[in-house]
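Before any comments, here is the structure.
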Amino acid sequence: MTQQEVFNRAVWLEHAGRTTVTSGTKSKSLPCFPILRSSFSVSGVKKAVLRVVGLGFFHCFINGKRVGDDLFLPLSTDFEPRPNFPTEEILSGHRLYVPEYDVTGLLADGLNTLAVHFGGGWYTFEDAKYGDPKVIWRLFGETSEGREFDFASSENDRIGDSFVKDRYFPKFEAQDFLDDAPEALLPDFDDSAWKRAKISPAPETEYLFSDCPADRVCERLSPRCIDRSSAEATYDCGKNTTGYPVLKLRARRGEKIEVRFSEELEPDGTINARHGYGQSFTVVSDGSERTVKPQFTWFGFRYFSVTGFADVECVEVVRCGVEIAAGFESDSELLNWIHDTYLNTQLTNMHAGIPSDCPHIERRGYTGDGQLTCHAAMDMLNAKEFYKKWIYDIIDCQDKLTGHVQYTAPYTRCGGGPGGWGCAIVEVPYQYYMHYGDDSVLYDAYPGMLRYFDYLEAHSDGKLVVSDKKGEWCLGDWCPPIQVVLPAPFVNNYFYVKSLLRAITIAKRIGREDDVPELERRAAERKAAVVSAYYNSWDGNFVGNLQGANAFAVDIGLGDDRTYKNLAARYKALGRYDTGIFGTDVVTRVLFEHGDGRTALGLLLSGHPTSFDGMRRAGATTLWEYWPGSLCDRSHNHPMFGAVSAYLYDYLLGIRAKDGSAAYREVEIAPVLADGLDRVCGWRMLPGGKISVSMEKDSEKVSFAVTIPPRQSAVFSFGGKTHPLSRAKTCSPSRCKTLSVFERGKSENQKSVRRQSRAGERSFLCL
């Protein structure tokens, strides 16, 4: 849609001047954080709709009351073209998602006041700037008498500076109430001394609406004060989170309050600056007792200190408002920790419509991290609209000239590689379709997939992907406990082949069968190149069977019988991961797929210092960017290694779609047993309804209980036998008896399933 179609006669507005701030001996001119005010008269409102965008982020008020409870809108996108950014590339698309609100209940008969506080955010972020703060709004509707009204932003609107004075989006926000106060957001504020707003150039973009859930306050924590002196108090939230503390000021006029954040503490109990990444929030008091919190940023932290006279009322946990759609519990404390910690990590990395790498240092939507974890996230969250939005970010960030897919979506300068990152343009739409059954993204992303394949062809030598865009990184795997051993071309060709195989499935689904022979030819050619360069025929290994090399090969159909046997034997003996972010996921999945649940579980539950247990014993409540004890220690809130959480559902519970079935229209419940795990239960909310599975075993037998929705097609598979649950007849509980026993270590003795009908569901107990 065009601007006129969405906003009619409204115009974009900006502040007429700029604010100069001084830090130490340096001064810099920054866009201010303006407040725009407008008044209009209307009576007898029957229906009123507000469309408003303030760039970067905004808060809108009508008659002093906040419009909605959304935070950090508009959703982050590649808003409009930026000159020479990225260098020598032209991104494929630009979009702006317009928030829309029903504001009928906020309007009064007579004079009304609208105020918008805006600025900051990704749009004005200095490292990847689109432009200075600007705002546009339109309020329209109908009165009870049937008259239509339509008010819009114009040069008659007043604009002035606000109490937010400075910020660097990933690190800090500064507020000063000496000159400007929140009263400017109230209807009776006198804005006659303010200047008229200035018309701002409109973004060159496509205007759209989106159902992607915005950020909001999802939880309120009561942090515990763990240390207090006369000048400073230190608090513990109990877990790593995202958001900010809400402070009640007690300071005198001109006094400063400073909040510093960190993921960790020093041994003496003070804030660990290295794991704080420079995050801070400062306020200069005007002497009045008021409640304050950041307006245009969030922080990633567990601990924070407050210097100055202020009380902490609570910590508001802020993240995207996606709902949790799964649950898992077992008799393994560590396995439960992996599940819950990944979930907390993923949720705290969902902001402004982006699945980020970390919520503090970079906050970017890395295509590598995002494609790696999207399966687990879609398993565990109701994230359909969230990932649909991000898929179009990936499509938008593809270079029109070469087909190159950026390392982040929306694009911000960063590093990555030509396989595990760029192939997100294939993997994320594929997983989205398989989880939700919406094939529209396949149609829209498929042309870009083919263009990216041509890009990989152009950056190959000897049919191996050996380079990426000039001057950029060319990673293969990333973040193993020691230096990366796997050659980048080996890993990048793996991703290329895997994506080609995905594309073959997609082509058949969307009526592009004519493309299949070429895709198959390329896949065969690339597989042969991997075998020629990296396979040892004398022992069946790829790259010495190090850092998951054999798993990468087996996953795309390479090697012989020895290749997988060597893989399983190595990790059974090693008893821990030696892999990076991609290898950890591939090794775990390949082991489970081949029925080696015991070995896969052994890796997940390893007590080695370089392990999930190492993170847990270090007190982690979100997953780390690097394994403990490895060559680097950086962010303690990165979801990458949590991709394996998907397999708790896919294999331990066994809730999987049958081959070729999208949106779980047909389900196969096929649990993989593993020694060391005697009880596991969980549920998932699928498109067809809720499925729950539980397993218990003892020295004599293993028992399963399964509940499926009324119209769900499902089968239960175990011990080489399959039971068609969906076609089973029901009987009354009083007539049902235990009819079968699976004895451990023996074949199935009897073959039947207990069935009962309960509250519109169908429950099956397999003993």
Side-chain angles (χ1 to χ4, degrees), residues 1-15 18 30-34 36 51-58 72-100 116 118-138 152-153 167 169-170 197-210 212 214 296 351-354 363-365 367 388-402 404-414 425 444 448:
M1 294 182 291
T2 65
Q3 177 180 317
Q4 185 176 7
E5 288 173 321
V6 176
F7 288 106
N8 198 4
R9 69 179 187 278
V11 294
W12 284 93
L13 301 171
E14 64 180 20
H15 200 288
R18 297 170 69 86
L30 290 175
C32 59
F33 291 79
L36 181 93
R51 294 173 180 170
V52 57
V53 175
L55 295 171
F57 298 138
F58 74 91
F72 307 125
L73 285 178
L75 299 169
S76 181
T77 58
D78 203 275
F79 297 104
E80 61 177 322
R82 289 166 283 183
N84 302 315
F85 196 78
T87 306
E88 299 179 348
E89 292 186 321
I90 301 174
L91 299 188
S92 294
H94 308 280
R95 65 189 68 214
L96 178 59
Y97 291 112
V98 179
E100 182 177 86
V116 187
F118 62 100
W122 286 113
Y123 188 82
T124 63
F125 179 48
E126 291 91 333
D127 296 354
K129 186 176 178 180
Y130 293 88
D132 292 333
K134 60 183 67 178
V135 64
I136 190 171
W137 65 271
R138 176 192 177 197
S153 53
R167 63 86 180 85
F169 176 52
K198 174 185 174 183
I199 292 182
S200 181
E204 300 175 31
T205 193
E206 182 180 4
Y207 293 81
L208 298 163
F209 299 106
S210 175
C212 175
F296 297 105
H351 294 279
I354 301 173
R363 308 183 177 200
R364 292 157 169 79
T367 47
K388 187 170 188 177
K389 180 265 177 192
W390 193 56
I391 286 168
Y392 288 98
D393 292 333
I394 298 170
I395 294 171
D396 284 350
C397 80
Q398 186 172 31
D399 177 27
K400 286 184 177 181
L401 303 177
T402 66
H404 177 237
V405 176
Q406 313 300 333
Y407 308 137
T408 60
Y411 173 69
T412 301
R413 181 68 185 272
C414 53
I425 200 169
D444 291 341

Exercise. To the nearest 0.5 Å, how far apart are OH in Y123 and CG in L96?
Worked result: 9.0 Å
Exercise. More than 12 heavy atoms of other residues, nucleotides or ligands under 6.0 Å from CZ of R413: is that the case?
Worked result: no
Exercise. Donor-acceptor pair, T205 side chain versus E80 backbone, under 3.5 Å?
Worked result: no
For this session: Output, in order, the C-alpha distance, side-chain angles, deciding distance and verdict of side-chain contact (heavy atoms from CB on, under 4.5 Å) for I136 and Q3.
Result: CA-CA 10 Å; I136 190 171; Q3 177 180 317; 3.8 Å; yes
Problem set entry | Side-chain (Q406) to main-chain (C397) donor-acceptor, under 3.5 angstrom | yes
For this session: Calculate, to the nearest 0.5 Å, the distance between atoms SG and OH belonging to C212 and Y392 respectively.
Result: 13.5 Å
Exercise. Residues two or more places apart in sequence or in another chain: which of them pass side-chain hydrogen bond (donor to acceptor under 3.5 Å, both in side chains) with R82?
Worked result: D78, Y130
Seminar exercise, completed: Nearest heavy-atom approach of F7 to V52 is CE2-N, 4.2 Å
Exercise. If you draw a 6.0 Å radius around CD in E5, do more than 12 non-hydrogen atoms from other residues or ligands fall strictly inside?
Worked result: yes
Exercise. Which atom names give the shortest non-hydrogen contact between L55 and F118, and what distance separates them?
Worked result: O-CD1, 3.8 Å
Exercise. Once you round to the nearest 0.5 Å, how far does CZ of F209 lie from CE of M1?
Worked result: 4.0 Å
Seminar exercise, completed: Here the gap from I425 atom CD1 to I395 atom CD1, rounded to the nearest 0.5 Å, amounts to 6.0 Å
Exercise. For G448, does its backbone N or O pair with a side-chain atom of Q398 as donor and acceptor, under 3.5 Å?
Worked result: yes
Problem set entry | OG-CH2 distance between S76 and W390, expressed to the nearest 0.5 angstrom | 12.0 Å
Exercise. Going by atom types only, do R363 and T412 share a side-chain donor-acceptor pair under 3.5 Å?
Worked result: no
Exercise. Is a side-chain N or O of R138 found less than 3.5 angstrom from the main chain of V6, in a donor-acceptor match?
Worked result: yes
For this session: Mark yes or no for whether S153, through its side chain, and A10, through its backbone, hold a donor-acceptor pair below 3.5 Å.
Result: no
Problem set entry | Side-chain H-bond candidate by donor/acceptor type, Q4 with Y207, under 3.5 Å | no
Exercise. Pick from W122, F169, F125, F33: which one makes a ring pair (Phe, Tyr, Trp, His ring centres under 6.0 Å) with F57?
Worked result: F169
Exercise. If we only count heavy atoms from C-beta on, is the V53 to P99 side-chain gap below 4.5 Å?
Worked result: yes
Exercise. T77 side chain to R95 main-chain N or O, any donor-acceptor pair under 3.5 Å?
Worked result: yes
Exercise. When rounded to the nearest 0.5 angstrom, what distance separates OG in S210 from CG in L73?
Worked result: 10.0 Å
For this session: Please check if the side chain of D399 supplies one atom and the backbone of L91 the other of a donor-acceptor pair under 3.5 Å.
Result: no
Exercise. Is the side chain of K134 donor-acceptor paired with the backbone N or O of S200 at a distance under 3.5 Å, no angle test?
Worked result: no
Exercise. Are L36 and H15 side-chain neighbours, meaning at least one heavy-atom pair lies under 4.5 Å?
Worked result: no
Problem set entry | Test log, rule side-chain contact (heavy atoms from CB on, under 4.5 Å), inputs L401 and E88 | CA-CA 9 Å; L401 303 177; E88 299 179 348; over 6 Å; no
Exercise. At their closest point, which heavy atom of P133 faces which heavy atom of E14, and how far apart are they?
Worked result: O-CB, 3.6 Å
Exercise. Between Y411 and F85, does the ring centroid distance fall short of 6.0 Å?
Worked result: yes
